[in-house]
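Notes follow the structure.
Below, read A as the first sequence line, B as the second, and so on, with proteins coming before strands; counting in each chain starts at 1.
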Amino acid sequence: MKILGKSFYTDDPASVAKKLLGKLLVRMYYGKRLSGIIVETEAYYGREDPASRARRGGDLARVMHGEPGHALVYGVHRNWLFNIVAHEEGEVGAVLIRAIEPLEGIEVMKKLRKVNDLRKLTNGPGKLTKALAIDKSFHKLPVYTTKHGLWVEDYMDVKEVVVSKRIGVTEDLDIPLRFYVKGNRFVSKP
DNA sequence: CGCCAGATTGACT
DNA sequence: GTCAATCTGGCGG
């Protein structure tokens, strides 16, 4: 078991988004491991990205300019979205975790989500945060240490990655910035 | 403090 | 397929 260090996230957002596929997102919840394989991500940039929250200024923009490897948790509608700050030195960016494949602590996750269907457990950004009990309290905390009960481990290599345009954004860039594992049934939208 | 848009979800036709 | 619930964050007053 190897925890991804800070340097893993000190890289271009799109590269980090792609590298994260196949990694294991782990949440220590009351002494139990809840985890899932990351199967879908999206990259967000700074001012030049119309869909990025960094455009609007405020605290979220500050965090996106800040330390790579820190969690960025923010609410839309009634959901928490979990991002990891990722960019090269002096740059801006973050990676949104959009879907994971449940691995450990599935029964606990089902309780937290109040659903029984495994496939619907974590196949969306708002769903996986609920399944792993991730909320605003993780905002700005580093995920390259086990100290706060949330981190990412090396796990497996992904054979085939599909690249597409981002989902749900009102105005997207021309470059496709969504990455997912080909054929995986836990991806939010194939 | 009030207004409003939104990187969503789930229920329903 | 459509559509509304519901709440956070940014911004103007």
Exercise for the section: For DNA chain B, write out the stems as range with range, using runs of 3 or more consecutive Watson-Crick or G-U pairs with both distances under 3.5 Å. Expected result: B:1-6 with C:7-12, B:8-12 with C:1-5
Practice task
For A:S52, report the nucleic acid contact type (base, sugar-phosphate, nothing); a contact means any heavy atom under 4.0 Å.
Solution key: nothing
Practice task
Give a yes or no on whether a salt bridge exists between A:R185 and A:E101, defined as a side-chain N under 4.0 angstrom from a carboxylate O.
Solution key: no
Practice task
Just call it for A:N83: base, sugar-phosphate, or nothing, with non-hydrogen atoms closer than 4.0 Å on any strand.
Solution key: base
Problem - Boundaries of the DNA chain B segment in contact with chain A, non-hydrogen, under 4.0 Å - result: B:dG6 to B:dG10
Handout entry: Face-on cation placement of A:R98 at A:F82 ring, 6.0 Å and 45° thresholds
Key = no
Handout entry: Ion pair A:D49/A:R55, N-O distance below 4.0 Å
Key = no
Exercise for the section: Whole angstrom is fine here: how far is it from CZ in A:R62 over to P in C:dG9? Expected result: 12 Å
Practice task
For the pair A:E153 and A:R33, find out whether any cationic side-chain nitrogen is under 4.0 Å from an anionic carboxylate oxygen.
Solution key: yes
Handout entry: Touch class at under 4.0 angstrom, heavy-atom based, for A:R98 against every strand present
Key = sugar-phosphate
Exercise for the section: May I ask you to say whether A:K140 pairs ionically with A:D59, meaning some side-chain N is under 4.0 Å from a carboxylate O? Expected result: yes
Exercise for the section: State whether A:D135 and A:K130 are salt-bridged, where the test is any N-O pair (Lys NZ or Arg NE/NH1/NH2 against Asp/Glu carboxylate O) under 4.0 Å. Expected result: no
Problem - Residue whose closest nucleotide on DNA chain C lies nearer the 5' end, A:R78 versus A:G57 - result: A:R78
Problem - Rounded interatomic separation in angstrom, taking NZ from A:K130 and C1' from C:dT8 - result: 14 Å
